[in-house]
Amino acid sequence: MTRPHVLVNVAMTADGKIDSAARRGAAISSAADKRRVDELRAGVDAVLVGGKTLLAESPKLTVRDSALRRARLERGLPENPMKVGVVSIADLDLEGDFVRAGPAERLVFTTRRTPPEQIVRLEKAGVQVFVSGGERVDLPEMLEILHRLGVRRLLVEGGGTLLAEFFRLGLVDELTIYLAPKIFGGASAPTPADGPGFAPEQAPRLTLVSVEKFDPEGGVLLHYTL
Ligand SMILES: NC(=O)c1ccc[n+]([C@@H]2O[C@H](COP(=O)([O-])OP(=O)(O)OC[C@H]3O[C@@H](n4cnc5c(N)ncnc54)[C@H](OP(=O)(O)O)[C@@H]3O)[C@@H](O)[C@H]2O)c1
């Protein structure tokens with residue numbers, strides 16, 4: 001399969017949570033980490049999020065720093081990477097930041113459970129919609145399509161259900177984790193790999209590349225390859 005190089009980045013608390021149990025997109029990153037993520041985004045062709053993150057938070061996913069955006073333009077790239085959502089029912093808020101913030105190409109991979117009139121609304125708002133024939137979006141096929149559209153480096157930003165699928169299917173090449181010096185707790189708070197979990201003998205194995213004391217707050221940056 002020809003697919004983009006896939007980087008996963010998450011911000012996680014010291015107890016392994018990527019949000020609090022309230023699931024309202026709690027702040028985890030430090031200012032330095034936000035800057036690092038901005039640079040990561042500026043270095044990829046597309047940024048992807050899962051359906052719950054997309055519908056609940058409608059993230060901007062654009063590059064914040066105007067100097068980084070200018071540098072992309074000077075390299076002959078679009079100002080922002082493509083923004084991609086994977087969602088079984090694409091009930092997106094057309095006024096939300098995912099659709100509105102740009103300029104950026106916006107793509108949504110969904111299933112036939114999205115009503116045709118909603119697909120028309122999304123397309124009118126400039127979103128390219130790809131409808132998968134099956135119950136779920138076929139993630140390897142989605143990656144092939146993205147590769148065909150010119151995506152060579154893809155940043156996957158979560159959440160935990162989508163990431164678990166990427167890990168299970170062996171679709172992750174690199175993982176960076178910003179480990180924040182806080183504890184969120186909560187048995188139902190999301191982690192970087194939710195879903196049903198892996199049998200220990202099938203647990204994806206990581207190779208540690210680096211561990212860095214990252215910022216004055218006490219954050220740590222972990223970098224792995226798979
Ligand atoms: N700290 C961080 O770095 C970070 C980053 C991003 C998100 N988050 C947090 O993560 C939480 C959300 O994570 P989550 O696990 O609830 O959800 P998620 O991973 O964002 O989205 C999962 C949903 O995406 C859809 N989806 C995933 N794979 C699909 C496929 N192959 N085909 C069709 N649809 C697919 C499904 O929607 P359906 O259920 O409709 O089928 C699924 O429930 C939020 O609390 C958010 O704040 C944290």
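Counting starts at 1 for both ligands and their atoms, in listed order.
The shell of residues lying under 4.0 angstrom from ligand 1, judged by heavy atoms, includes L139. In this structure, M142 has no heavy atom closer than 4.0 Å to ligand 1. At a 4.0 Å cut-off, at least one heavy atom of E157 sits close enough to ligand 1 to count as contact.
When all heavy atoms of F184 and D15 are compared, the pair lying nearest together is N-OD1, 3.1 Å. The minimum heavy-atom distance linking T110 with V87 is given by the pair OG1-O, 2.7 Å.
Atom numbering of ligand 1 starts at 1 in the shown order; those under 4.0 Å from a heavy atom of E57 are 44 (C), 46 (C), 47 (O). Those atoms of ligand 1 with a heavy atom of V87 less than 4.0 angstrom away are 34 (N). Atoms of ligand 1 lying under 4.0 Å from at least one heavy atom of G25, given by number and element, are 47 (O). Atoms of ligand 1 lying under 4.0 Å from at least one heavy atom of G50, given by number and element, are 20 (O), 21 (O), 24 (O). Near G160, with a cut-off below 4.0 Å to any heavy atom, the atoms of ligand 1 are 13 (O), 15 (O), 19 (O). Interface atoms of ligand 1 facing T161, defined by a heavy-atom separation under 4.0 Å, are 14 (P), 15 (O), 17 (O), 19 (O), 22 (C). Close approach of ligand 1 to V10 (heavy-atom distance below 4.0 Å) involves ligand atoms 3 (O).
Under the salt bridge (Lys or Arg N to Asp or Glu O under 4.0 Å) criterion, R100 pairs with E95, not counting sequence neighbours. Take R72 and apply the salt bridge (Lys or Arg N to Asp or Glu O under 4.0 Å) test, not counting sequence neighbours, and it matches no residue.
What sits closest to atom 16 (O) of ligand 1 on the protein, heavy atoms only, is R23 NH1, 3.1 Å. Scanning the protein for heavy atoms near atom 8 (N) of ligand 1, the closest one is I18 CD1, 3.8 Å. Nearest protein neighbour of atom 7 (C) of ligand 1, counting heavy atoms only, is T53 OG1, 3.4 Å. Looking only at protein heavy atoms, the nearest one to atom 3 (O) of ligand 1 is A11 N, 2.9 Å.
The residue among R136, M12, K52 with a heavy atom at the shortest distance from atom 36 (C) of ligand 1 is R136. For atom 40 (O) of ligand 1, the candidate residues are A180, A26, S20, S88; the nearest heavy-atom contact is made by S88. Across the listed options V137, L163, D33, V137 owns the non-hydrogen atom lying nearest to atom 31 (N) of ligand 1.
Here E135 does not pair with R113 in a salt bridge; the nearest charged N to carboxylate O distance is not below 4.0 Å. Under a 4.0 Å N-O distance rule, the pair R3/D173 qualifies as a salt bridge. The pair E39-R36 does not count as a salt bridge, with every side-chain nitrogen at least 4.0 angstrom from each carboxylate oxygen. We find that R121 and E117 are not joined by a salt bridge, their nearest charged nitrogen and carboxylate oxygen being 4.0 Å or further apart.
Stacking of K83 on the aromatic ring of F98 is recorded, both the 6.0 Å distance cut-off and the 45° axial limit being met.
Counting heavy atoms of neighbouring residues, nucleotides and ligands inside a 6.0 Å radius, atom CZ of R64 does not exceed 12 of them. At most 12 heavy atoms of other shown residues, nucleotides or ligands fall within 6.0 angstrom of atom CZ in R24.
D215 contributes atom CG, which lies 7.5 Å from atom CG of D33 (distance to the nearest 0.5 angstrom). Note that OG of S20 and NZ of K182 are 10.5 Å apart. Values are rounded to the nearest 0.5 Å.
Residue D19 has at least one nitrogen or oxygen atom sitting less than 3.5 Å from a nitrogen or oxygen atom of ligand 1, judged on distance alone. An N or O contact shorter than 3.5 Å links L162 to ligand 1 by distance. The shortest N/O to N/O separation between N9 and ligand 1 does not fall below 3.5 Å. Between R113 and ligand 1, a contact under 3.5 Å exists for no N or O pair. Considering both main-chain and side-chain atoms, P190 never comes within under 3.5 Å of ligand 1 through any nitrogen or oxygen pair. Taking only nitrogen or oxygen atoms, main chain and side chain alike, G159 reaches within less than 3.5 Å of ligand 1. Residue-to-ligand polar distances place G51 within reach of ligand 1: an N/O pair is separated by less than 3.5 Å.
Residue F109 is not grouped with residue L122 when hydrophobic side chains (ILVMFWY) are merged at heavy-atom distances under 4.5 angstrom, including chains of intermediate members.
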